[in-house]
Amino acid sequence: MTPLPLYGTFLLIGLTMGPVSAEVQESKPSFSLKGDTRPSHSSPMRGVESSQRATVNTQPPRVGSGPQPVAVSDTTFLVDQGATLDTSCRFRDEGSIIIEIPITRVVGEVGNDGYLVNPQQLIAKGVVSAKATLRIPMYDIDLPDEVDEVEFNGVPLAQLTGADETWGMNTFQIPIDQVKFPTPPSILPDIPSPAVPSPAMNQVVIKIDTASSTPLWCTSVDWVALSFKAVSPVILMHGFAAPKRFFQNHGFVQVLRDNGLQVDDSIDVWSNTIFHTAGGLNWKLPPIVRKYGVDSVHLVAHSKGGLDIRSYLANYYPAHSKDFEVLSYTSLSTPHNGSVLSDLLEARSKAIKAEYELYFDNLPGFASLLTQISGQFYETMDQQNAPFIAMTKAVQELSTNSVAFFNEVNLPHLPIKTVFNTVAADADKNLNGKIDRDNPDEYLELRKDEPLLDTADFLGLGRLIVDTFYQVLNGTASVEVTFEEFNNCMMPGEGDHCITRRATVVGFPHRNLVGEVSREGNDVMVTVPSGLGFGYVADTFANHVVNASVLFGEEGRNHSSVADGGVAERVFEWIVETEKPNGDLR
């Protein structure tokens, strides 16, 4: 419309807003200007102030008179209050409209200027959107005479659009390399911290009425929002007695990072029970989530770490689910049904404590293995010097009976929305029924992770150890131990020295559903069915799994190499596929 005199009167009319449209809003604000007359003073016309802003996946309360703001989340950032927002219609000589949008979500590596270092790589990998969406509701843009220009971080965008005395939604697509992102703060090991990323400030500048020789036209902004898409970070959990750099040793971390993911492998546990480790995760995980500024994560665990995290998910995660969501859980060679090796060590421990002679039946090679380790490698069979065969509380929890009880209690309480994935492997790459040292070396990665195994290998015992474990797991489904006493005394009163106490450990073979004896592939520590969570009871972990992968033959892995770069590529694909319907790639 034709502009009214520059210094007209400011008329307030109490009209309610109508429906909000996608672009130009045909509704009236809670105030209106007859033409673009200058108000007698510049006091802002604000809505009801909210004492507390919603921050995660919520619909914000109304502040101002424009369209309803978008819901905020860790990928949508809203500024609804500020010195140049929610004002009366603003003229050029009152200054440009300047809004700082703080982004607190870590997306990728950034330079000193806050811009992504490798944005095109992140886009190509599908872990971040190519563009961010900038939304600006503007009031009273009198086209074609009124020209209002907008810049984002100093880069000019298209001219603002709108209509006389109405709200219009202006939407711009910002290349992701023009958006500033924060870096994660440092967290001291084992010390919970509320640290969150320092906001990366993105500036929006609206230059008002740039085509007029004198200030004629005015406009107003209610709020500004910036949104984008990005994959949530990955938190790693190693297994029992694994080295701190376990996931780095075989390229797992590097491949995930090369694919553009944010990866944390700072959690370090040694040899604690499932219950105690889950309790530790209860206070270790939240600070890690906070340091990325996110409301969702992916968890990847190796070996016993998979049971530790399952315990956390069932017992502690419900209290955290309002703060962040576990989008996916992936286990690598986790004994979801327990391990018969733990059964054997438990039986041996009972026999030693009872001072019984120990015999093994239907377990070829195991007795001779213990004898050779004791006689040639260790001076004693104690737990301190023989970690391969040590019996601790944590190892005892991995027995088939203990894990069966764990499953019974744990499975009903796993989160429904989390996508569960499993990876299991067989170490016999050349399928010759044994573990080889050369051509191929089928336990090289195990030696890298366990120095004592490397020493045993030097003494000629390394292959014996891993091959015996492989054969036992291949052929043994469960074990039983019986205790007997034999009186060999020739004459009454000879005492206990002629009484023989014998503990016999009997191994029972694997059988399929029709009762036939079968052999199960394994990675030297965990069988394939256990790694997948398959069993013969009504509810097994496999019933909860969405994606499962078994690595056989040339793709075979041992218990360490199951966390190598090749497996990381597969896990990366699962994570991205989970994000598309359920996460921040929606």
Side-chain angles (χ1 to χ4, degrees), residues 57 70 73-77 103-111 114-135 171-184 197 200 202 225-236 247 251-265 288-289 291-300 324-332 417-423 545-549 563-586:
N57 290 318
V70 297
S73 68
D74 62 346
T75 55
T76 297
F77 295 86
I103 304 298
T104 55
R105 163 71 181 263
V106 176
V107 168
E109 182 184 359
V110 299
Y115 295 110
L116 292 170
V117 173
N118 296 307
Q120 296 308 315
Q121 179 185 2
L122 299 179
I123 294 169
K125 293 293 185 179
V127 301
V128 69
S129 56
K131 295 183 178 181
T133 300
L134 178 66
R135 296 180 178 90
T171 302
F172 303 94
Q173 297 300 310
I174 311 295
I176 205 71
D177 60 3
Q178 295 177 14
V179 180
K180 295 181 180 181
F181 294 96
T183 58
N202 292 264
L226 185 70
S227 59
F228 52 87
K229 297 180 181 181
V231 174
S232 297
V234 181
I235 301 175
L236 305 180
F247 283 100
F252 193 90
V253 170
Q254 192 59 49
V255 166
L256 291 185
R257 287 178 177 163
D258 288 346
N259 278 294
L261 298 185
Q262 294 294 298
V263 183
D264 182 275
D265 64 342
I288 296 174
V289 177
K291 82 171 184 177
Y292 290 108
V294 296
D295 58 23
S296 58
V297 293
H298 300 271
L299 302 179
V300 178
F324 64 89
E325 181 179 1
V326 176
L327 294 174
S328 75
Y329 157 104
T330 301
S331 67
L332 312 176
K417 292 184 179 180
T418 300
V419 174
F420 290 95
N421 311 309
T422 55
V423 177
V545 171
V546 174
N547 300 298
S549 179
D564 68 6
V567 176
E569 289 284 1
R570 192 162 303 183
V571 173
F572 169 74
E573 293 174 1
W574 289 343
I575 287 173
V576 172
E577 289 305 311
T578 299
E579 286 276 355
K580 291 176 180 177
N582 303 319
D584 290 338
L585 291 184
R586 283 175 290 188

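All values derive from a computational prediction rather than experimental measurement.
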Where is the tightest heavy-atom contact between [X] and [Y], given as atom of each residue plus distance?
X: Val107; Y: Ala230; result: CG2-CB, 4.2 Å
X: Ser328; Y: Ile575; result: OG-CG1, 4.3 Å
X: Pro182; Y: Val106; result: O-CG2, 3.9 Å
X: Gly565; Y: Val255; result: CA-CG2, 3.5 Å
X: Pro581; Y: Glu577; result: CD-O, 2.9 Å
X: Thr422; Y: Ser331; result: CG2-OG, 3.4 Å

| field | Test side chain to side chain contact (heavy atoms under 4.5 Å, CB included) applied to Val300 and Phe252, step by step | value | CA-CA 11 Å; Val300 178; Phe252 193 90; 3.9 Å; yes
| said: So Asp177 and Leu116, do their side chains get closer than 4.5 Å, heavy atoms only? | reply: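 No, their side chains stay 4.5 Å or more apart.
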| Is any side-chain heavy atom of Val179 less than 4.5 Å from a side-chain heavy atom of Tyr115? |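 No. Closest side-chain heavy atoms not under 4.5 Å.
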| task | Would you confirm whether Thr76, through its side chain, and Ser227, through its main-chain N or O, come within 3.5 Å as a donor-acceptor pair? | result |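 Such a contact is absent between Thr76 side chain and Ser227 backbone.
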| query | Has the side chain of Asn259 got a donor or acceptor atom that lies under 3.5 Å from a matching backbone atom of Leu261? | reply |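 The answer is no, because no donor-acceptor pair under 3.5 Å joins these two groups.
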Rounded to the nearest 0.5 Å, what's the gap from [atom1] on [X] to [atom2] on [Y]? Could you check?
X: Phe77; Y: Ile103; atom1: CZ; atom2: CD1; value: 5.0 Å
X: Leu332; Y: Arg570; atom1: CG; atom2: CZ; value: 11.5 Å
X: Glu325; Y: Lys417; atom1: CD; atom2: NZ; value: 6.0 Å

| request: Using the salt bridge (charged side-chain N to carboxylate O under 4.0 Å, His left out) rule, take Asp264 and Lys291 through it: C-alpha gap first, then chi angles, then the decisive distance, then the call. | output: CA-CA 10 Å; Asp264 182 275; Lys291 82 171 184 177; 2.7 Å; yes
Test of understanding: with side chain to side chain contact (heavy atoms under 4.5 Å, CB included), list the residues that count as partners of [X], not counting sequence neighbours.
X: Asn547; answer: Val419, Asn421, Trp574
X: Thr418; answer: Val326, Tyr329, Pro415, Phe420
X: Pro233; answer: Gln262, Tyr292, Val294, Val297
X: Glu109; answer: Val117

| task | For salt bridge (charged side-chain N to carboxylate O under 4.0 Å, His left out), just list the numbers for Asp584 and Lys229, CA-CA rounded to whole Å, side-chain angles, deciding distance to a tenth of an Å, and then say yes or no. | result | CA-CA 6 Å; Asp584 290 338; Lys229 297 180 181 181; over 6 Å; no
| For Thr183, all residues meeting side chain to side chain donor-acceptor pair (under 3.5 Å), sequence neighbours excluded |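 Partners of Thr183 by the side chain to side chain donor-acceptor pair (under 3.5 Å) criterion come out as none, since no residue qualifies.
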| request: Measure centre to centre between the rings of Phe181 and Phe228, then say whether the value is under 6.0 Å. | output: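 Close enough - the centres of the two rings lie under 6.0 Å apart.
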| For residues Lys180 and Asn202, is any side-chain donor paired with an opposing acceptor at under 3.5 Å? |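 Judged by distance alone, the side chains do not pair up.
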| field | Contacts of type ring-ring contact (aromatic ring centres under 6.0 Å, His included), residue Phe324, not counting sequence neighbours | value |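 Phe324: ring-ring contact (aromatic ring centres under 6.0 Å, His included) contacts with His320.
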| task | Using the side chain to side chain contact (heavy atoms under 4.5 Å, CB included) rule, take His298 and Ile235 through it: C-alpha gap first, then chi angles, then the decisive distance, then the call. | result | CA-CA 6 Å; His298 300 271; Ile235 301 175; over 6 Å; no
